[in-house]
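Written out below as structure tokens is the structure these notes cover.
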Amino acid sequence: MSTEFARVAAKFEANQEPGTGVSNDKLGMWIFLASEVIFFAVLIAAVVTLRMRNAEIWGEHHEAAIATGLATINTFILIMSSVFVVSAIDAIQKGKENWMKFWLFLTLVGGSVFLYIQSLEWAELSHGLQEHFGLGPYFEGATQSILASSFYTLTGFHGLHVFIGVLLLLYVMMRAFRGDFTPRKYNALEMFGLYWHFVDLVWIILFTVLYLLG
Amino acid sequence: MTELFDAERTDVDHREAAHEHHGGSFKLYWIIALVLGGVTVIEVFLAEWLPQQGGLGQYTASIMLALSILKAVLVAAFYMHLKYEKRILTGIFLIPFFLVSLLMLALFGSG
Amino acid sequence: MGRRLSEMMHEFQRRRWASAGTLALLLLLLGGGSALAQGPGPGEAASGTQNPSIAVAFFGIVLALVGTGLLAAVLIGFALWATGTRVPFIPRGELHGWKRYFWFSVDHKVIGIQYFWTSFIMFFLGGIAALLVRAELAAPGLQLLSADRYNQFFTMHGTIMIFLFIIPMLTGAFGNFVVPLQVGTFDMAFPKLNALSFWLVPPAALLLFASFFVPSGPPMAGWTAYPPVSLDGGTGQVLWAVSVFIIGWSSIVGGMNFLVTIMNMRTKGVHYFRLPLFTWGIATTATLQVLGTPSLAAAVVLQYMNLVLDFPFFVADRGGSPLMWQHIFWFYSHPAVYIMILPAFGIISEILPVFSRKPIFGYRAVVYATIGIGFLSFIVWAHHMFASAMPSATRIPFMLTTMLIAVPSGIKIFNWLGTLAYGKIRLEPPMLFALALVSMFVIGGISGVFLGSLPADLHLHDTYFVVAHIHYVLFGGSAFAIFAGIYYWFPKMFGRMLDSRMGKMHFWLSFIGFNLAFLPMHAVGALGMPRRYADYPDAGAFFELNATITVGAFLLGFAQLILVFNMLRAFRYGEVAEDNPWNARTLEWLTSSPPPHHNFEEPLIVEHDPYDYGRRVTRPEALPVPGD
Amino acid sequence: MTFGRITAILALIFAALVALVFFYPHMPWLLPDAAAREAEGIDNLMRLMFIVSMGIFVFVQGFLLYFVWIYRHRSDDDPDAVGRAIHGDNKLEIAWTIAPALFLVFLTIYSLDEFRKLNLDTTIEGAREVNVIGQQFFWTFEHPAAGLRETNTLTLEEGVPVSLHITGVDVIHAFWVPEFRVKQDATPGYVRTINLTPTSVGKYPLRCAEFCGTGHSQMLAEVQVLSAADYTAWETEALAEASNASAGVEAYVEYGCGGCHALEEADAAAAVGPTHEGLGVTAQERIEDPSYTGEAETPEEYIAESIRNPGAYVVPDYPNIMPAFGEDQIGDEELEALVQLLMEQE
Ligand code: HEA
Ligand code: HEA
Ligand code: CUA
Ligand SMILES: [Cu+2]
């Protein structure tokens, strides 16, 4: 069936209007990312709204429970992992398969460490609020703190995206190790890259909104 | 991504041939990374250290937002290749920002 | 070994186990999430009256179990295959005949038909809820249902009709079946994602209906689910949120698929201004789905957090903002009402030219109007909040944009009238419903303009006048278009004609029942009856009018039985359909009824506009053109 | 069925429906009789829209039916006959874009002007002020200047403008008196102001117009508009009553018990919850009810429990919707007073 499908597809594709000039996969991916933009932007807008309503308390909780140190490290990690991915693509374009695997491996490390540090951050926030305001641990404390509930929700959904990214990366690596990618054919890798950079991009904004603007 | 994208089809056709080596180079990628890192350092500096020195007052937030948007633009333009792609992709990616900014106006206005 | 593995991977993909696995994982994640989230103890439920956590945890566990089961099935299936064990009842490869409708198919036509029956059943379930609502309102006082039951039924009615009937029917069923045919291609851009879109709907529907079996009962905060009152809804409300979230992603993925198909896969000659208008409708709708639905997803995520973890996003005295929900919800749900009408307009724009045997009047104007409505739909959302806590100054810009949207809508109506002039009009059932839409939507649209006028809305908001508006645009608009589409495309979908006389009977009864049911609602509302009232005071003319409405509603419900009978009958006794029974000029009619596996034997080259009656067409090799 | 007959039937049905709906006795213009100055402007606006939209409606339906009639495919036509291949007409299309647009511009300006006259969000100078509080499922009205508080009845004076400051306690409700037209959601965490000037003496229904839960359709109250003399009399009497009222009645009014229950002594006659008449006797019976699961042993304890934890026993046929009043809301002293008041009801 697979080959039959491919034959039909080729036949019809040879007889198409020029369209956008972008491959289906890439076009689809960007449209998907556009909808992800709305999703995250709306969440961020909601959080900023809540923050404006609760400016004072937000400030206090922020002061007490959020430190920029680890998050800055996380920002660097994500930036590095992004550059690893483009490097991997660059490598496969030049036919350096082993370098591609190397860069992908580094990306995997980056993503995983990011997730680990993120969990430390959750703990830190929870401890901070417990200590200074006597709130309950984790989500229980968040029921009394707009900052904590916003923080868990935003970083949680971002973290979920990183996690999915790591799963995708595992799949891409499997294909890489199987030798699926060639200098002309690395579609899955490229699609993964777009997703991964997007997740990085979201973090860049989150970092500013949640951490830096106190 | 996994199998949701049609592996069979993309494997057979020659679309990839279309995307020769346009734009971006290993060196450029790492320069961008350096810039991103540098801007992050500036941001953290603005947020953590400057306030203790009196800071930039009301402008801090706007400056920091501007810096982070700059970073986001760099990522989109170079890592995500928008600079070298067909303009339509840039369009697709920008529309949602425009739409949500309207929502933000209304939300912040009626807080 | 490596070869074997890669072969296995290919086989694995071929069997759509991965799709099933994805589904399983999703259920697992959501269910497990709900269950685990109960771990730290969410404190008191917001309402203080009931603690949803136990019920939620319970349901989460059930969900997780289902997910685990599915996952196990997938893994076992894979293992069986890998070890070469043959199990007789597991289908191998693509199924044929009726069986394929019950399995993971990637053929857009099969998926379209799966959507079709699923959403048609939903129409009946939603309709039954509506009839219960109407029965209760037949007379003042609470006779049939308790207040809570009433609230649950109108909530389920609105939710089912919007999320599980109109949207899946218009985009899922007709969009899926017709769009690839109309652009002359062999399938959607991402057939597997297409299957995923569909297969997200049944679990979502099941989750929603499962709410009948949880202690709190179904959700009862309206389809708009405004917090804080929705926060008292317990497990039922949680299920609502999860269900809507899943349908939302189905909608987003589907929209993305349509966009790529339409942008990239048009056959030679179908440039943008030769797209049939239904496809234009779907293209615009898909844009709204992709850009609007994530906002709904974000909204229900926040509500879910508030419900399950007691994060105080919408609880005013803990710093939350009830108004915020309304903004985010309507930022999706206003575009959503155009998601529900633009494909309907598209259907009408197909049918009017065909049954008048003449080109659509002002093709480009209709296209620009479609795009214009699509764009404007994103900037009017707060007209649903004219009486809310939103500051009065913020309301004004939304009135301006709302008024603006009547202009492109008017363009469509007038162009349709222009299409009728100098035609040769055949009053077959599709045409009857199409004409009814033109006339009924004008009523609904104009009542929309009433509502858009800020001072008038201060009186009319949240009354039955709004309910009248809803049904004139959604039933008189979307549903009539769906009926028109059923009569029009049924021959193409199933290869049989529907009986025309029964169709006409269905039409007239529906038309009369519809107006009897929904016209008096304008009066009830303006005279002072708020919506969502389980009971109403026996004052003024409320009783008489409500009784009339109920009679009309039952007549309308009864009329739908004729449609069902007609369809069922057609499978056995229906006349076998020709390729092009209506003498239409769009591409779906150039192939057999029903179309072959990949739609067209050979790719087409199109050399004419979609509705060019009366013009001689040069006949390229690959393009069989029907005679005039 | 010929087309002509179908059209005739259709026209008849429409005429009948329109007649039924629009010319039903006592509903001129489909609106309840206006009873506030603000209503007049809104009514004029709606009348105008109504007339114009009738025009648009008749125009569209007229052309529709006319075209369908004269361009129908006749039985003696060639079965393959096609219509005239007209692709459009720019002038015509521009005309029907501009014409509605012009009307809409006019309508928008008109609406804006009416909206401005409503003066939302501002407290009019010299107006009486009333705080309106919506709560599941009753309304409380405070007249801060007079120091009065009412439950489920709002008393206003004819011809005197009032600024209503509207807010909600638990969930969103909406203040709406159909005869006054203007509606405003009562949202927790927000206070919004509307202005009304009642123009005729009488009693008008207040209907909660935002879905607020089980009792939404029972959340009815009344606005009584009194003449100047009556209003003064009412005010004096109410003040006197308030100062004479026992601590129990005061608390009863303060916490809006009368929003759902009936108690003559406190002027309450609602039926959302069980009546309080005779509670002193029935309390004992309820404890003895086999389905009673609470901890109270005496009637006094039972009544206190019903306030602190109303779910402990739900009187048959009534929904379990009463909010629990904790110590932070009703203090022990007031609770005592309430229990005493209710125990006295024989
Ligand atoms: C298919 C769905 C659909 C469509 C197409 C529309 C179309 C419109 N709707 Fe409607 N609307 C709903 C579905 C829809 N609506 C639903 C479901 C709700 C209730 C939600 C809830 O609360 O549960 C709602 C509620 C709603 C409200 C909020 C009411 C309230 O709660 O107080 C408003 C207010 O402005 C409004 C306005 C409009 C307008 C201006 C249009 C316009 O697009 C209409 C434009 C069309 C015409 C005007 C007719 C044709 C034009 C001409 C013939 C030209 C000449 C006309 C003039 C010059 C006037 N709608
Ligand atoms: C596409 C959308 C759609 C459709 C098709 C309908 C169809 C109907 N709706 Fe719908 N309605 C909404 C969308 C829709 N509605 C929405 C969004 C709301 C707002 C909800 C909210 O407030 O949250 C609403 C609210 C709503 C209310 C207001 C409830 C309230 O505010 O308290 C009422 C009241 O009469 C009502 C009635 C009906 C009726 C009688 C039908 C009829 O057309 C139904 C026709 C009946 C059937 C299709 C049943 C099929 C037939 C049988 C089962 C056979 C048996 C019958 C006989 C033997 C007679 N609807
Ligand atoms: Cu209070 Cu509805
Ligand atoms: Cu709207």
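Chain letters run A, B, ... following the sequence lines, proteins first, then strands; residues in each count from 1.
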Side chain, backbone, both or neither: which part of [X] has an atom under 4.5 Å from a heavy atom of chain A?
| X | result |
| --- | --- |
| B:Ile92 | both |
| B:Val44 | both |
| B:Leu36 | both |
| B:Ile32 | neither |

Pick whichever of [options] has the most heavy-atom pairs under 4.5 Å with chain B.
| options | result |
| --- | --- |
| A:Val86, A:Ile89, A:Leu194 | A:Val86 |
| A:Val202, A:Asp200, A:Val85, A:Val37 | A:Val37 |
| A:Ala46, A:Ser82, A:Ser87, A:Gly21 | A:Ser87 |
| A:Ala41, A:Ala71, A:Ala91 | A:Ala41 |
| A:Ile204, A:Val83, A:Leu201, A:Ile79 | A:Val83 |

Quick one: sort the A:Tyr211 and A:Phe207 rings into parallel, tilted or perpendicular, breaks at 30° and 60°.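 Tilted, since the angle between the ring planes falls between 30° and 60°.
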Counting only heavy atoms not in A:Phe163, do more than 12 sit closer than 6.0 Å to its CZ atom?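 No - once you tally the heavy atoms of other residues, nucleotides and ligands closer than 6.0 Å, there are 12 at most.
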Taking atom NZ as the centre, does B:Lys86 end up with more than 12 heavy-atom neighbours from other residues, nucleotides or ligands that are less than 6.0 angstrom away?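 12 or below, so no.
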Can you check whether A:Thr75 reaches B:Glu43 side chain to side chain, under 4.5 Å on heavy atoms?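 They are not in contact (no side-chain heavy atoms under 4.5 Å apart), so the answer is no.
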Does the ring of B:Phe78 carry B:Lys83 above it, NZ/CZ under 6.0 angstrom from centre and within 45° of its axis?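 No.
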Would you check, one step at a time, whether the test side-chain hydrogen bond (donor to acceptor under 3.5 Å, both in side chains) holds for A:Gln93 with A:Tyr186? CA-CA 8 Å; A:Gln93 278 172 343; A:Tyr186 47 87; 2.9 Å; yes
A:Phe157: which of A:Phe39, A:Phe151, A:Phe40 passes ring-ring contact (aromatic ring centres under 6.0 Å, His included):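 Looking at A:Phe39, A:Phe151, A:Phe40, the match for A:Phe157 under the ring-ring contact (aromatic ring centres under 6.0 Å, His included) is A:Phe39.
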